[in-house]
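Notes follow once the structure below has been shown.
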Amino acid sequence: IIPGATDPVRSVERVVELGEEIGYPLIIKAAAGGGGKGMELVSDASEAGRAFEAAQRQGLKYFADDAVYVERYLENPRHVEAQVLADAYMNRQYLDPAIFGRYPEELPALFGASWPDWPAAEVEALAVPIDFLGLNYYTRSVVSHDPNGWPVPARSLRQAGAIYTETGWELHPPSLTEALLWMHEHYGGLPLYVTENGAAFYDPPCAIDGRIDDPLRVHYLQTHIAAVGDAIARGADVRGYCAWSLLDNLEWAHGFSTR
């Protein structure tokens with residue numbers, strides 16, 4: 001689902017067929033020289049192939065990160081510190097080196113004697129120019145200070161009254177908006193893509209009359225796509241959204257137990 005999409009491929013069978021023809025299951029057309037006007041779905045394999053070739057010739061580079069939007073439990077110095085450390089460990093540890101060529105300043109103290117004495121030139125070399133930044137977003141984490149927490153002195157708090165997925169992740173679309181805005185502001189306004197977003201919910205044992213009523217997934221997609229729209233309206237340069245996933249897959253941590 002891409003902002004500004006035209007002529008979408010509506011048949012799952014056709015999507016799979018196109019994916020087999022060009023060797024990739026997501027058929028997109030790069031807006032080469034489009035002045036930041038985004039991308040569009042295409043339904044012609046030869047056109048998609050030409051678009052991928054054009055993108056390769058341009059040498060498009062990107063970095064995608066599994067980010068968890070971290071919120072503090074209370075406006076309390078200990079909880080604020082827990083939030084900052086959790087964010088440094090879970091998010092900025094991976095994004096800052098790739099974008100800025102440096103690690104978050106909180107990490108050496110967090111790791112203590114285990115923190116390697118990285119050569120400055122080696123860390124700086126991690127940062128290379130990229131064309132867009134990808135966000136794999138699934139949930140948020142509301143953290144509080146916990147002196148027994150490891151490696152971060154914090155723990156995530158389950159939220160009363162919230163909807164949780166089969167993997168135990170809270171459904172919280174506003175945090176997708178905030179994560180996109182934070183990435184936009186913190187990383188210099190780079191073009192952004194939501195490269196993964198989805199949820200595992202209960203599946204009935206069989207379809208009824210060939211159909212499955214799936215209100216939780218429908219609600220999830222509707223609210224999270226709307227959250228992307230909110231981020232765009234507030235100034236984030238979001239170019240596209242990719243749902244995870246069109247087909248069931250083997251999850252590395254859950255096997256086939258959740259879909």
Side-chain angles (χ1 to χ4, degrees), residues 1-5 22-42 47-70 84 87-108 110-111 115-138 175-197 227-244:
I1 301 169
I2 309 294
I22 70 165
Y24 199 73
L26 177 63
I27 314 304
I28 55 177
K29 175 185 175 183
K37 295 181 180 176
M39 307 178 80
E40 62 185 44
L41 296 174
V42 299
E47 184 182 0
R50 289 193 296 271
F52 278 115
E53 290 173 2
Q56 290 173 343
R57 286 195 298 271
Q58 293 178 38
L60 294 177
K61 300 180 179 67
Y62 75 97
F63 182 83
D65 179 58
D66 287 342
V68 175
Y69 188 71
V70 182
V84 171
D87 180 61
Y89 180 78
M90 299 172 68
N91 298 322
R92 290 183 285 120
Q93 177 176 190
Y94 309 102
L95 287 164
D96 282 11
I99 307 301
F100 299 136
R102 63 176 184 267
Y103 282 100
E105 62 183 10
E106 298 89 355
L107 292 187
L110 186 63
F111 282 88
W115 184 254
D117 186 18
W118 303 107
E122 183 175 314
V123 178
E124 292 170 2
L126 296 174
V128 297
I130 59 174
D131 297 283
F132 68 89
L133 185 58
L135 168 63
N136 299 344
Y137 172 86
Y138 293 97
S175 291
L176 173 55
T177 301
E178 296 302 325
L180 288 167
L181 290 169
W182 174 78
M183 293 177 80
H184 172 75
E185 295 166 1
H186 192 68
Y187 295 109
L190 281 167
L192 302 173
Y193 286 84
V194 179
T195 41
E196 289 185 22
N197 180 238
V228 174
D230 290 342
I232 294 172
R234 291 169 60 182
D237 185 10
V238 185
R239 306 287 182 88
Y241 171 97
C242 302
W244 183 267

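Keep in mind it's a predicted model, so treat the numbers as computed, not measured.
- Considering only heavy atoms from C-beta on, L176 comes within 4.5 Å of L135 through its side chain.
- Every residue two or more places apart in sequence or in another chain that forms a salt bridge (charged side-chain N to carboxylate O under 4.0 Å, His left out) with R234 is listed here: E178.
- The distance from atom NE2 of H184 to atom CG of L133, rounded to the nearest 0.5 Å, is 12.0 Å.
- With sequence neighbours excluded, the residues that form a side-chain hydrogen bond (donor to acceptor under 3.5 Å, both in side chains) with Y138 are E196.
- Going from atom OH of Y137 over to atom OG1 of T195 covers 14.0 Å, rounded to the nearest 0.5 Å.
- Of all heavy-atom pairs between W182 and L95, the closest is CZ3-CD1, 4.0 Å.
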Validation: residues 185-192 side-chain donor-acceptor distances under 3.5 Å, sequence neighbours left out:
unit_1 : atom_1 : unit_2 : atom_2 : d
Y187   : OH     : D96    : OD1    : 2.6

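- How far CG of D237 is from CZ of F132: 12.0 Å, rounded to the nearest 0.5 Å.
- Listed by chain and residue number, E71, H172 satisfy the side-chain hydrogen bond (donor to acceptor under 3.5 Å, both in side chains) test with S175 (two or more places apart in sequence, or in another chain).
- Each of L180, L181, T177 was compared with D230 under the side chain to side chain contact (heavy atoms under 4.5 Å, CB included) criterion, and only T177 meets it.
- Annotation for W118 and E122: closest pair CE3-OE2, 3.7 Å, computed over non-hydrogen atoms.
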Do any side-chain atoms of residues 98-106 form donor-acceptor pairs under 3.5 angstrom with protein atoms, and if so which ones, sequence neighbours left out?
unit_1 : atom_1 : unit_2 : atom_2 : d
E106   : OE1    : R92    : NH1    : 3.2

